[in-house]
Number of protein chains: 2
Amino acid sequence: MSWNLNSDRPIFQQIIEHLELEIVQGVYEPGQKLPSVRELAAQATVNPNTMQRALSEMERMGLMHSERTSGRYITEDESMIKTLKKELAGGEISRFLEQMRRLGYSGEELLDILKEEMCKGEEK
Amino acid sequence: MSWNLNSDRPIFQQIIEHLELEIVQGVYEPGQKLPSVRELAAQATVNPNTMQRALSEMERMGLMHSERTSGRYITEDESMIKTLKKELAGGEISRFLEQMRRLGYSGEELLDILKEEMCKGEEK
DNA sequence: TTTATTGTATTAAGTGATTAGTACAGTAAA
DNA sequence: TTTACTGTACTAATCACTTAATACAATAAA
């Protein structure tokens, strides 16, 4: 999947979200070795320093760990990945419901719109 | 409503989104006079320059217009406000569905979760 | 007329994100 | 041993956003 980084928000944050998504999706499996910092930076067309910052942050979160000279690896703790998925989904849902409520959409109205919108998406 | 500005994204963008929401909500009605730049800046505890930037941008969008010395007024074009509401909602919906799809949630799964989550919200 | 308020413009300073470039220590492979 | 690759650290420069501090012209109100 392409990185799709823009200048609206800090790039290192977008990188974190991108990698979190790929971990949840299983693009990177538990325990799997990641490409090197320089390799990832090249893929994302980003400065190695920026990629390093994102990876360090994810390491701090416990999502990966580095072996100093051998490389960097995804956590082997599958429950942590499941938890991550639920947290990401929960955040999306609560933000979405809150925002739609603010825009003035009631619960039933919202479900109707969503059903309709989801049918549209299926036609593609 | 409080402004709830953070440093994650440019403040002037957050101000724009906040005011767009208040216009859609009818906090500011079509044709209504807005507080002065300095007054709004004080309310949001933000520099007047930053507020000015946000307001100029919304003026460029056609959502408001300034009368040079008398003050600044919301557009009287109600259809523009309706359109704004639909655009904001449409953006929220498509972003949400896309993100949940990426996280691996199917359509039916999503509707079930939403129904459950909406019931939780009603209990409060 | 005088006063206060309006939107607007300008300059300077500070901050955080990003890039560029370089460097170092540890290790696996040749 | 030598070579290449690993994560990591550091400095400098640039850019956008924000704040601060003024300033000015136009107008409504006193």
Side-chain angles (χ1 to χ4, degrees), chain A residues 2-20 22-23 28-76, chain B residues 2-20 22-23 28-76:
Chain A
S2 61
W3 292 78
N4 285 338
L5 307 176
N6 59 57
S7 57
D8 291 352
R9 294 177 303 124
I11 293 181
F12 76 93
Q13 281 185 11
Q14 299 179 54
I15 292 175
I16 291 174
E17 292 164 10
H18 177 90
L19 290 175
E20 282 179 339
E22 289 194 323
I23 292 175
Y28 293 116
E29 295 184 1
Q32 183 177 341
K33 182 176 180 178
L34 283 158
S36 73
V37 180
R38 296 167 177 85
E39 171 64 25
L40 284 171
Q43 283 181 20
T45 60
V46 148
N47 192 281
N49 295 329
T50 307
M51 183 58 68
Q52 167 73 18
R53 177 168 179 183
L55 296 177
S56 298
E57 184 65 20
M58 296 185 75
E59 191 164 335
R60 197 192 56 77
M61 294 187 252
L63 288 174
M64 46 184 68
H65 55 96
S66 59
E67 294 301 329
R68 191 66 182 85
T69 62
S70 121
R72 194 177 251 105
Y73 302 85
I74 302 292
T75 179
E76 296 172 9
Chain B
S2 62
W3 291 78
N4 285 339
L5 306 176
N6 59 55
S7 58
D8 291 351
R9 294 177 305 124
I11 294 181
F12 77 92
Q13 280 184 12
Q14 299 179 54
I15 293 175
I16 291 174
E17 291 164 11
H18 178 90
L19 290 175
E20 281 178 339
E22 290 193 324
I23 292 174
Y28 293 115
E29 295 183 2
Q32 182 177 341
K33 182 176 179 176
L34 283 158
S36 74
V37 181
R38 295 168 177 82
E39 170 64 24
L40 285 172
Q43 284 182 20
T45 59
V46 147
N47 191 281
N49 296 330
T50 306
M51 182 58 67
Q52 167 73 18
R53 177 168 179 182
L55 297 177
S56 299
E57 184 64 21
M58 298 186 74
E59 191 165 334
R60 198 191 56 76
M61 293 188 252
L63 289 174
M64 45 184 66
H65 54 95
S66 60
E67 294 300 331
R68 193 68 182 81
T69 61
S70 124
R72 193 177 251 106
Y73 301 86
I74 302 290
T75 180
E76 296 171 7

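Side chains are part of it too, since the values below use all heavy atoms of this structure and drop only hydrogens, waters and symmetry mates. Residue numbering restarts at 1 for every chain, and letters A, B, ... go by the order of the sequence lines.
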- Do B/Glu59 and B/Arg72 pass the side chain to side chain contact (heavy atoms under 4.5 Å, CB included) test, and can you show the C-alpha distance, the side-chain angles, and the key distance before you say yes or no? CA-CA 9 Å; B/Glu59 191 165 334; B/Arg72 193 177 251 106; 3.4 Å; yes
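- Within the structure, the salt bridge (Lys or Arg N to Asp or Glu O under 4.0 Å) test picks out the following pairs touching residues 3-15 of chain A (sequence neighbours left out): A/Arg9-A/Glu17.
- Nearest to the side chain of A/Asn47, among D/dT8, C/dT6, C/dT19, sits C/dT19.
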For nucleotides 1-4 of chain C, list the nitrogen or oxygen atoms of the protein found under 3.5 Å from its nitrogen or oxygen atoms, one pair per line.
none

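- Residue A/Arg9 contributes atom CZ, which lies 24 Å from atom P of D/dC15 at whole-angstrom precision.
- Put simply, the residue from B/Leu19, B/Ile15, B/Leu34 that forms a side chain to side chain contact (heavy atoms under 4.5 Å, CB included) with B/Met58 is B/Leu19.
- Taking only side-chain atoms of B/Thr50, from C-beta outward, the nucleotide of D/dG7, C/dA20, D/dT19 with the closest atom is D/dT19.
- Taken to the nearest 0.5 Å, the CD1 atom of B/Ile23 stands 3.5 Å off from the CD1 atom of B/Ile74.
- Between the CD1 atom of A/Ile15 and the P atom of C/dA17 there is a distance of 13 Å, given to the nearest Å.
- Applying a 4.0 Å cut-off to non-hydrogen atoms, the residues of residues 53-61 of chain B that approach DNA chain D are B/Arg53, listed by residue number.
- Taken to the nearest 0.5 Å, the CG atom of B/Leu5 stands 6.5 Å off from the OG1 atom of B/Thr45.
- Residue B/His65 contributes atom NE2, which lies 17 Å from atom P of C/dT6 at whole-angstrom precision.
- Of the residues A/Trp3, A/Tyr28, A/Phe12, the one that meets the ring pair (Phe, Tyr, Trp, His ring centres under 6.0 Å) test with A/His18 is A/Trp3.
- Between the CG atom of A/Asp8 and the P atom of C/dA17 there is a distance of 16 Å, given to the nearest Å.
- Here the nucleotide nearest the side chain of B/Ser66, chosen from C/dT19, D/dT19, C/dG7, is C/dG7.
- Atom OG of residue A/Ser66 and atom CD of residue A/Gln52 lie 8.0 Å apart, to the nearest 0.5 angstrom.
- Annotation: the span from A/Met61 atom CE to A/Ser56 atom OG amounts to 10.5 Å, rounded to 0.5 Å.
- The nearest whole Å value for the distance from the CE atom in A/Met64 to the P atom in D/dT6 is 16 Å.
- Around the CD atom of B/Glu57, the shell of radius 6.0 Å holds more than 12 heavy atoms that belong to other residues, nucleotides or ligands.
- We find that CD of B/Glu39 is positioned 11 Å from P of C/dT5, with the value rounded to whole Å.
- Between the CD atom of B/Gln52 and the C1' atom of D/dA23 there is a distance of 14 Å, rounded to whole Å.
- In this entry the distance linking CE of B/Met51 with C1' of C/dT8 reads 15 Å, nearest Å.
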- Spell out protein contact along nucleotides 22-29 of chain C as letters: B when the base is contacted, S when just the sugar-phosphate is, - when no protein heavy atom is under 4.0 Å; keep the 5' to 3' order. -B--BS--
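- B/Thr69 is linked by a side-chain contact (heavy atoms from CB on, under 4.5 Å) to nothing, counting only residues two or more places apart in sequence or in another chain.
- Qualifying side-chain contact (heavy atoms from CB on, under 4.5 Å) partners for B/Ser36, counting only residues two or more places apart in sequence or in other chains: B/Arg38, B/Glu39.
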